[in-house]
**Student:** 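Provided herewith is a single structure, encoded as structure tokens, for subsequent inquiry.
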There are 2 protein chains.
Amino acid sequence: MSQLRRGILQFCVLALLRDGERYAFELVRELCDAHGLVTSEGTIYPLLSRLRKEGWVNTVWKESDSGPPRRYYTLTATGRRALDEFAGEWGPFKTAVDNLLDSEESHE
Amino acid sequence: MSQLRRGILQFCVLALLRDGERYAFELVRELCDAHGLVTSEGTIYPLLSRLRKEGWVNTVWKESDSGPPRRYYTLTATGRRALDEFAGEWGPFKTAVDNLLDSEESHE
DNA sequence: AGCAGGTACCTTGTTATGCATGGTACTTCC
DNA sequence: GGAAGTACCATGCATAACAAGGTACCTGCT
């Protein structure tokens with residue numbers, strides 16, 4: 001279900017931005033195709049607005065050779081810290097869920 | 001953040017119930033203390049109501065030696081299927097997130 | 001010229017769900 | 001008889017994913 005992605009998607013976006021600047025349409029494709037995470041534009045645009053308001057990303061407009069101009073997103077220092085912090089929480093969280101699921105599964 | 005637990009908590013509850021019947025107060029303690037997942041009663045009671053409406057759990061009232069009566073929850077066959085289905089989705093999802101976080105981390 | 005299709009941006013409204021808060025009732029102990 | 005602990009529950013808020021719908025630019029076909 002889509003509730004799974006709650007609170008995680010934004011950090012997936014930050015992780016992709018750590019690799020270099022991206023624009024929204026590109027992010028949708030990468031997250032949708034490659035990882036089965038996400039999603040639709042309706043998810044990404046509000047999400048990116050939030051990241052901007054938090055000061056986790058900066059943006060620059062650039063012309064495109066083929067189509068309308070693109071708004072490119074880059075990670076700020078604050079954004080990087082937020083991402084690192086999440087990475088630190090994700091591990092324990094994942095382990096806790098794994099333990100719950102696995103320990104019960106082995107009872108059968 | 002608490003958004004992490006979205007859509008996962010209910011399956012953690014189902015997983016605990018696979019191990020045997022529990023009552024709500026007990027579930028709060030187990031999920032809160034042991035796993036750092038969760039939470040408060042305000043989370044668990046509505047959640048259990050939903051599980052009942054879905055037909056994923058059954059309940060029986062039992063007297064307690066020390067305190068008010070307890071409502072015990074048990075897993076139904078439908079609930080078990082739902083849990084198994086989630087377990088099948090959790091693995092790939094986890095891997096997808098791990099890949100995103102790790103691959104970027106190793107760039108530094 | 002005009003139109004379709006693709007690319008790119010965005011907003012609004014719905015829905016799901018975690019949590020805070022507050023309320024009831026039973027038992028035990030001082 | 002009052003406080004603390006155990007147990008149940010409901011109401012309301014905030015958040016975030018998603019669907020749906022809207023604008024605008026470019027290319028290519030006819």
Side-chain angles (χ1 to χ4, degrees), chain A residues 1-14 21-33 35-54 56-57 59-73 82 86 89 93 96-97, chain B residues 1-14 21-33 35-54 56-57 59-73 82 86 89 93 96-97:
Chain A
M1 357 182 93
S2 77
Q3 297 289 347
L4 255 192
R5 320 188 216 284
R6 278 250 174 178
I8 293 190
L9 252 184
Q10 50 184 316
F11 296 106
C12 293
V13 168
L14 293 181
E21 67 176 10
R22 311 281 165 107
Y23 59 99
F25 223 71
E26 200 177 3
L27 288 168
V28 172
R29 268 196 301 253
E30 290 195 61
L31 290 170
C32 187
D33 296 357
H35 304 282
L37 303 165
V38 203
T39 147
S40 73
E41 300 178 44
T43 303
I44 284 296
Y45 285 103
L47 189 157
L48 289 170
S49 285
R50 273 177 264 136
L51 295 184
R52 242 181 311 162
K53 271 172 207 145
E54 297 284 337
W56 291 357
V57 296
T59 67
V60 268
W61 286 94
K62 294 190 184 176
E63 294 293 322
S64 163
D65 288 341
S66 56
R70 299 167 177 166
R71 203 216 274 259
Y72 281 87
Y73 293 79
F86 170 77
E89 286 168 8
F93 173 78
V97 175
Chain B
M1 358 183 91
S2 77
Q3 297 289 347
L4 259 192
R5 320 189 215 284
R6 282 248 173 179
I8 293 189
L9 252 184
Q10 49 184 318
F11 297 105
C12 293
V13 169
L14 292 182
E21 65 178 11
R22 312 281 164 106
Y23 59 99
F25 222 72
E26 200 179 3
L27 287 167
V28 172
R29 267 196 302 251
E30 289 194 61
L31 290 169
C32 187
D33 296 358
H35 305 282
L37 303 166
V38 203
T39 138
S40 73
E41 299 179 44
T43 303
I44 284 296
Y45 285 102
L47 189 157
L48 289 169
S49 286
R50 274 178 263 136
L51 295 184
R52 243 180 310 160
K53 272 172 207 146
E54 297 284 337
W56 291 358
V57 296
T59 67
V60 268
W61 285 94
K62 294 189 185 179
E63 294 292 324
S64 163
D65 287 343
S66 56
R70 299 167 177 167
R71 201 216 275 259
Y72 281 88
Y73 293 79
F86 170 77
E89 286 168 8
F93 172 78
V97 175

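Side-chain atoms are counted along with the backbone in the values below, which use heavy atoms only and exclude waters and symmetry mates. Proteins come first, then strands; the chains are lettered A, B, ... in the order of their sequence lines, and each starts at number 1.
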**Student:** Just to confirm, is there a sub-4.0 Å distance from OP1 or OP2 of dC19(C) to any side-chain nitrogen or oxygen of T43(B)?
**Tutor:**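 Checking dC19(C) against T43(B), a side-chain N or O does come within under 4.0 Å of OP1 or OP2.
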**Student:** Can you tell me how far apart CG (L48(A)) and CD (E41(A)) are? Round to the nearest 0.5 Å.
**Tutor:**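 Answer for the CG-CD pair, L48(A) versus E41(A), is 11.5 Å.
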**Student:** Between atom CG in L4(A) and atom P in dA16(C), what is the gap in whole Å?
**Tutor:**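 About 16 Å, once rounded to whole Å.
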**Student:** Find which nucleotide of DNA chain C each of Q3(A) and R71(A) is nearest to by heavy atoms, and output the residue with the more 5' nucleotide.
**Tutor:**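 The residue closer to the strand's 5' end, by nearest nucleotide, is R71(A).
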**Student:** Could you give the start and end, 5' to 3', of the contact zone on DNA chain D for chain A, using atoms under 4.0 Å from its heavy atoms?
**Tutor:**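 Terminal contacting nucleotides, 5' to 3': dT15(D) to dT27(D).
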**Student:** Which atoms form the tightest heavy-atom contact between R71(B) and T59(B), and what is the distance?
**Tutor:**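 In this case the closest contact between R71(B) and T59(B) is NH1-OG1, 3.1 Å.
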**Student:** Using a heavy-atom cut-off of 4.0 Å across all strands, would you classify R6(A) as base, sugar-phosphate, or nothing?
**Tutor:**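 It contacts base atoms.
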**Student:** Side chains of S49(B) and R52(B): do they bring a donor and an acceptor to under 3.5 Å?
**Tutor:**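 Looking only at side-chain atoms, R52(B) and S49(B) do form a donor-acceptor pair, the distance falling under 3.5 Å.
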**Student:** Rounded to whole angstrom units, what separation is found between the CZ atom of R5(A) and the P atom of dT15(C)?
**Tutor:**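 So the CZ-P distance, R5(A) to dT15(C), works out to 19 Å.
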**Student:** Can you give me the closest heavy-atom contact between L37(B) and R5(B), atom names plus distance?
**Tutor:**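 The answer is CA-NH1, 4.0 Å.
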**Student:** Reading nucleotides 25-30 of chain C from the 5' end, what letters show protein touch, with B for base, S for backbone sugar-phosphate only, - for no heavy atom under 4.0 Å?
**Tutor:** -BSS--
**Student:** Can you tell me how far C1' of dC19(C) sits from CG of L37(B), to the nearest Å?
**Tutor:**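 That distance rounds to 15 Å.
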**Student:** List the atom of W61(A), the atom of P69(A), and the distance in Å for their closest heavy-atom pair.
**Tutor:**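 Shortest heavy-atom separation between W61(A) and P69(A) comes out as CZ3-O, 3.8 Å.
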**Student:** Does R50(B) make a side-chain N or O approach to OP1 or OP2 of dG18(C) shorter than 4.0 Å?
**Tutor:**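 Affirmative; the distance criterion is met.
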**Student:** Measure from CZ on R29(A) to C1' on dC9(C) and round the result to the nearest Å.
**Tutor:**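 That distance rounds to 14 Å.
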**Student:** Between dG18(C) atom C1' and I44(B) atom CD1, what is the distance in whole Å?
**Tutor:**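 Between C1' of dG18(C) and CD1 of I44(B): 10 Å.
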**Student:** Taking all atoms of both residues into account, what is the closest heavy-atom pair of F93(A) and L4(B), and its distance?
**Tutor:**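 Looks like CZ-O, 3.5 Å.
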**Student:** Return the value, rounded to whole Å, for the distance between atom OH of Y45(B) and atom C1' of dG23(C).
**Tutor:**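 For the pair Y45(B) OH and dG23(C) C1', the rounded distance is 13 Å.
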**Student:** Checking all strands, does F11(A) fall into the base, sugar-phosphate, or nothing category for heavy-atom contacts under 4.0 angstrom?
**Tutor:**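 Nothing, no nucleic acid heavy atom in range.
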**Student:** At their closest point, which heavy atom of Q3(A) faces which heavy atom of G7(B), and how far apart are they?
**Tutor:**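 Minimum heavy-atom separation between Q3(A) and G7(B): CB-CA, 3.9 Å.
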**Student:** Any donor-acceptor pair under 3.5 Å linking the side chain of E26(B) with the backbone of Y23(B)?
**Tutor:**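 Yes; at least one donor-acceptor contact below 3.5 Å.
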**Student:** For a quick test of reading the model, state the closest non-hydrogen atom pair linking V60(A) to E21(A) and the distance between them.
**Tutor:**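 Residues V60(A) and E21(A), closest heavy atoms: CG2-OE1, 4.4 Å.
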**Student:** Base, sugar-phosphate alone, or nothing: which one does E41(A) contact when heavy atoms must sit under 4.0 Å apart?
**Tutor:**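 Base, at least one base heavy atom under 4.0 Å.
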**Student:** Does S40(B) put a side-chain nitrogen or oxygen below 4.0 Å from OP1 or OP2 of dA20(C)?
**Tutor:**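 It does, given that an N or O in the side chain of S40(B) lies less than 4.0 Å from OP1 or OP2 of dA20(C).
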